[in-house]
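Numbers here are sequence positions counted from 1. All figures in this text were calculated on a predicted structure; none of them were measured in a lab.
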Amino acid sequence: MSRTTAPAPADRKDGATAPAEGLAHGLKQRHLSMIALGGVIGAGLFVGSGAGIAAAGPSIVIAYAVSGVLVMLVMRMLGEMSAANPASGSFSVHAERAFGSWAGFTSGWAFWFLLCVAVGLEGIGAAKIMTGWFPGSPEWAWVALFMVVFCATNLAAVKNFGEFEFWFAALKVGAIVLFLGIGVLAILGLLPGTDAPGTANLDGAGGFFPHGSEGLIVGLLASVFAYGGLETVTIAAAESEHPVQGVAKAVRTAMWRIALFYIGSMAVIVTLVPWDDKAVVEKGPYVAALDHLGIPAAGQIMNVVVLVALLSAMNANIYGASRMAGSLVARGQGPQGLGKLYGGVPRPAVLVSSVFGFGCVLLSYWSPDKAFIWLLNTIGAIILVVWFFIAAAQLKLRRRTEREAPEKLVVRMWGFPVLTWVALAGMAAVFVLMAREEGTRIQLYSTGGLTLLLAVIGFVRQKSAAGRAS
C-alpha cells in the first residue's frame with residue numbers, strides 16, 4: 001500500500017495544473033464515455049420530471065429544450081477549461097485560477113456539500129424501493145448497506161468505481177433507448193395493440209400551455225435541476241488514461257445525449273399520455289407511459305431502472321465529493337488529513353464524504369421537519385452557483401489561454417464571448433424566476449446564505465495567506 005501526503009500535482013496550492021500523477025490513472029476511455037453518458041440519466045429524469053409535466057403540461061418539452069441549451073453551453077465552457085487544464089478539482093480549480101483562492105474554496109466546498117447531501121437523498125430513495133420489495137425491513141439498514149458497498153468501492157482502486165459506473169450507465173442507457181424505441185413505435189401506430197395518438201394529448205386538456213407562462217416557468221425550474229450530474233465527467237477525466245482527449249470527446253457528445261434522453265423522452269411521454277393523468281406524478285412519467293401502452297409489469301421494470309439510477313448516483317457522488325475534497329485540501333483549502341492518498345485514492349476524503357452523507361440520512365429520521373428540510377433547501381440552487389462560477393471563469397481564462405498557450409484550446413466554446421454572456425444572462429434569469437416563485441424562493445435564499453458564508457471564509461483565508469506570504 002502506497003501512501004503520500006503530498007498534494008497531487010494536478011491541484012497545486014498555486015492553482016496551477018499539471019497531470020494528476022498523485023491520483024491513480026485507472027479510468028479507461030470506455031469508463032469515461034459511460035460516466036458521461038450515464039451522468040445525464042438520473043432519478044430526477046425517471047421520477048422527478050413528473051412534477052414538471054404536471055406544472056407545464058406538453059410545454060415541458062420547451063422547458064427541457066431551453067434549459068438543455070443552457071446546460072450545453074455550460075458543459076462546453078467546462079470542457080474547454082478541463083481539456084486545457086485537467087484537474088480533479090475541475091471547475092473549482094478553474095475558478096481559483098481565474099479569481100483567486102476564495103472562488104475555488106466557495107465553489108468547491110459548496111459542490112462537495114451538495115454531493116454529500118445528494119448521497120443521503122439517493123440512499124433514502126433506493127431504500128424505499130427495497131422496503132417495497134421486502135416489507136418490514138428497515139429503511140436505515142438498506143441505506144447503511146448501500147453506503148458500505150459504495151464507500152468500499154470508492155476506497156479501492158479507481159477502476160472499481162469506473163467498472164460500477166460503466167455497467168450502471170449501460171443499464172440506464174439501455175432502458176431509456178428501449179423506452180424511446182417503444183414510444184416512437186406507439187406514436188407511429190406500429191406497436192401491436194395500440195393506435196397512433198396523433199396530437200390529441202398535445203393540444204387537448206387545456207392546450208399546449210395549459211397553465212400559461214407560470215406553468216412553463218415552474219417546468220423550466222424543475223428541468224434545470226434535473227440536469228445536475230454532468231460535471232462529474234470532468235472530475236473523473238483527471239484519473240483517465242488520456243485526460244485531454246477523454247474530456248474533449250465526452251463534452252463533444254453531450255449535445256445529442258441531452259437532446260435524445262431528456263427532450264426526446266419528454267416529447268414521447270406527453271404525446272402518449274395526457275399530461276393531467278395523476279399517474280404521471282404518482283407513479284412517475286415513464287411508468288405511466290408504459291402502463292398506458294399495456295406493457296406487462298411496467299411498474300416493477302421501472303423500479304429496477306430507478307434503483308439502478310439511484311445507486312449509480314450514490315456511487316458517482318461519493319466519488320465526486322471525495323475528489324473535490326481531496327483537490328481542495330491539496331490546494332491548502334481544507335484539513336490536511338483529508339488529502340492523504342493511499343494507493344492513488346484519497347481514502348480519508350472518501351470516508352468523510354460517506355459519513356457526512358449517512359449523517360444526512362440520520363437527520364431525515366431525527367428531524368424530518370427542521371434540520372433535514374433545511375438541508376434540502378440549502379442545496380436547492382447550488383448547481384446554479386457552480387454553473388455561474390464556470391461561465392465567469394471561462395470568460396476570463398479563455399483570453400488568458402489564448403495569450404499564453406493557445407495550443408491547449410483543443411475544445412473551444414462556441415461564439416465566444418457572446419454565448420458565454422448569453423449563458424450568464426440565462427442563469428441570472430433563472431435566479432430571478434426562483435425569487436418570484438414561492439416554492440423555490442426559500443431554496444434560493446438558503447443557497448445564497450451558504451454561498452455567502454463560504455465566500456466570506458474564503459476571502460478571510462485568502463487575505464490571511466497573503467499576509468503570511470508578505
Task: Pairwise side-chain contact, Met314 with Val149, heavy-atom cut-off 4.5 Å (strictly under) - done: no
Open item on the list: Ignoring hydrogens, what is the shortest heavy-atom contact between Lys340 and Pro348? Give both atom names and the distance.
Closed with: O-CD, 3.5 Å
- [ ] Give the minimum heavy-atom separation between Leu216 and Ser59, together with the two atoms involved.
- [x] CD1-O, 3.5 Å
- [ ] With rounding to the nearest 0.5 Å, note down the distance linking CD in Glu122 to CZ in Phe146.
- [x] 12.0 Å
Open item on the list: In the structure I gave you, are the side-chain heavy atoms of Leu450 and Ile382 within less than 4.5 Å of one another anywhere?
Closed with: yes
Open item on the list: Between Phe105 and Phe459 (judged by ring centroids, cut-off 6.0 Å), do the two rings come close enough to count as a pair?
Closed with: no
TODO: Dump the intermediate steps for ring pair (Phe, Tyr, Trp, His ring centres under 6.0 Å) on Phe113 and Phe356, then the final yes or no.
DONE: CA-CA 9 Å; Phe113 184 76; Phe356 190 96; 5.7 Å; yes
Task: side-chain contact (heavy atoms from CB on, under 4.5 Å) between Ser92 and Leu328, intermediate numbers included - done: CA-CA 8 Å; Ser92 174; Leu328 287 161; 3.7 Å; yes
TODO: Mind checking the OG1-CG spacing from Thr440 to Asn377? Nearest 0.5 Å is all I need.
DONE: 10.5 Å
- [ ] Assess the side chains of Arg323 and Ser90: does a donor N or O sit below 3.5 Å from an acceptor N or O?
- [x] no
Open item on the list: Please report the interatomic distance NZ(Lys283) to CG(Asn303), rounded to the nearest 0.5 Å.
Closed with: 11.0 Å
- [ ] Using atom types as modelled and distance alone, determine if a side-chain donor or acceptor of Asn315 lies under 3.5 Å from a backbone N or O of Leu311.
- [x] no
TODO: Rounded to the nearest 0.5 Å, what's the gap from CZ on Arg436 to CD1 on Ile217? Could you check?
DONE: 4.5 Å
TODO: Determine, stepwise, if the pair Met324 / Phe91 fulfils side-chain contact (heavy atoms from CB on, under 4.5 Å).
DONE: CA-CA 10 Å; Met324 182 59 71; Phe91 53 82; 3.6 Å; yes
Open item on the list: For Val273 versus Ala289, what's the shortest heavy-atom pair and its separation?
Closed with: CG2-CA, 3.5 Å
TODO: Would you please say whether a donor-acceptor pair under 3.5 Å links the side chains of Glu139 and Tyr365?
DONE: yes
TODO: Take Ser322 and Arg347 through the side-chain contact (heavy atoms from CB on, under 4.5 Å) test and state the conclusion after the steps.
DONE: CA-CA 8 Å; Ser322 64; Arg347 290 178 180 171; over 6 Å; no
TODO: Give a yes or no on whether the ring-centroid distance for Phe99 and Phe389 is below 6.0 angstrom.
DONE: no
Open item on the list: Could you check whether atom CH2 of Trp133 has more than 12 heavy atoms from other residues, nucleotides or ligands sitting under 6.0 Å from it?
Closed with: yes
TODO: Report the distance from atom CD1 of Ile129 to atom CD of Gln300, rounding to the nearest 0.5 Å.
DONE: 9.5 Å
Task: Close side-chain approach of Leu155 to Leu351, heavy-atom, < 4.5 Å - done: yes
- [ ] State, yes or no, whether a side-chain contact exists between Ile263 and Val61 at a heavy-atom distance under 4.5 Å.
- [x] yes
Open item on the list: Just to verify, what does Ala423 make a side-chain contact (heavy atoms from CB on, under 4.5 Å) with, not counting sequence neighbours?
Closed with: Leu70, Leu73, Met77, Met427
Task: Heavy-atom side-chain proximity of Met81 to Ile390 below 4.5 angstrom - done: yes
Open item on the list: Quick check: closest heavy atoms across Gly89 and Ser327, and the distance to 0.1 Å?
Closed with: CA-OG, 3.1 Å
Open item on the list: Show the nearest heavy-atom pair for residues Ala321 and Cys116, with the distance to one decimal.
Closed with: CB-SG, 4.1 Å
Open item on the list: Taking Lys128's backbone N and O only, do any of them form a donor-acceptor pair with Thr131's side chain (distance below 3.5 Å, no angle check)?
Closed with: yes
Task: Step-by-step side chain to side chain donor-acceptor pair (under 3.5 Å) determination, Tyr286 to Ser265 - done: CA-CA 9 Å; Tyr286 289 80; Ser265 288; 2.9 Å; yes
Open item on the list: Could you check whether any side-chain heavy atom of Trp112 comes within less than 4.5 Å of a side-chain heavy atom of Val117, counting everything from C-beta outward?
Closed with: no
TODO: Begin from the C-alpha positions of Ile269 and Phe179 and carry the test side-chain contact (heavy atoms from CB on, under 4.5 Å) through to its verdict.
DONE: CA-CA 10 Å; Ile269 290 167; Phe179 172 83; 3.7 Å; yes
- [ ] Verify the neighbour count for atom CZ of Phe388: are there more than 12 heavy atoms of other residues, nucleotides or ligands below 6.0 Å?
- [x] no
Open item on the list: Which heavy atom of Met434 sits nearest to which heavy atom of Leu384, and what is that distance?
Closed with: SD-CD1, 3.9 Å
Open item on the list: Determine whether the aromatic ring centres of residues Trp142 and Phe134 are separated by less than 6.0 angstrom.
Closed with: yes
- [ ] Could you grab the distance from atom CD1 of Ile60 to atom CE of Met266, nearest 0.5 Å is fine?
- [x] 7.0 Å
- [ ] Side-chain contact test, heavy atoms from C-beta onward, threshold under 4.5 Å: evaluate it for Leu221 versus Val218 and give yes or no.
- [x] no
- [ ] Dump the intermediate steps for side chain to side chain donor-acceptor pair (under 3.5 Å) on Ser101 and Glu96, then the final yes or no.
- [x] CA-CA 5 Å; Ser101 63; Glu96 180 171 338; 5.6 Å; no
- [ ] Using a 4.5 Å cut-off on heavy atoms from C-beta on, say whether the side chain of Val71 contacts that of Trp387.
- [x] yes
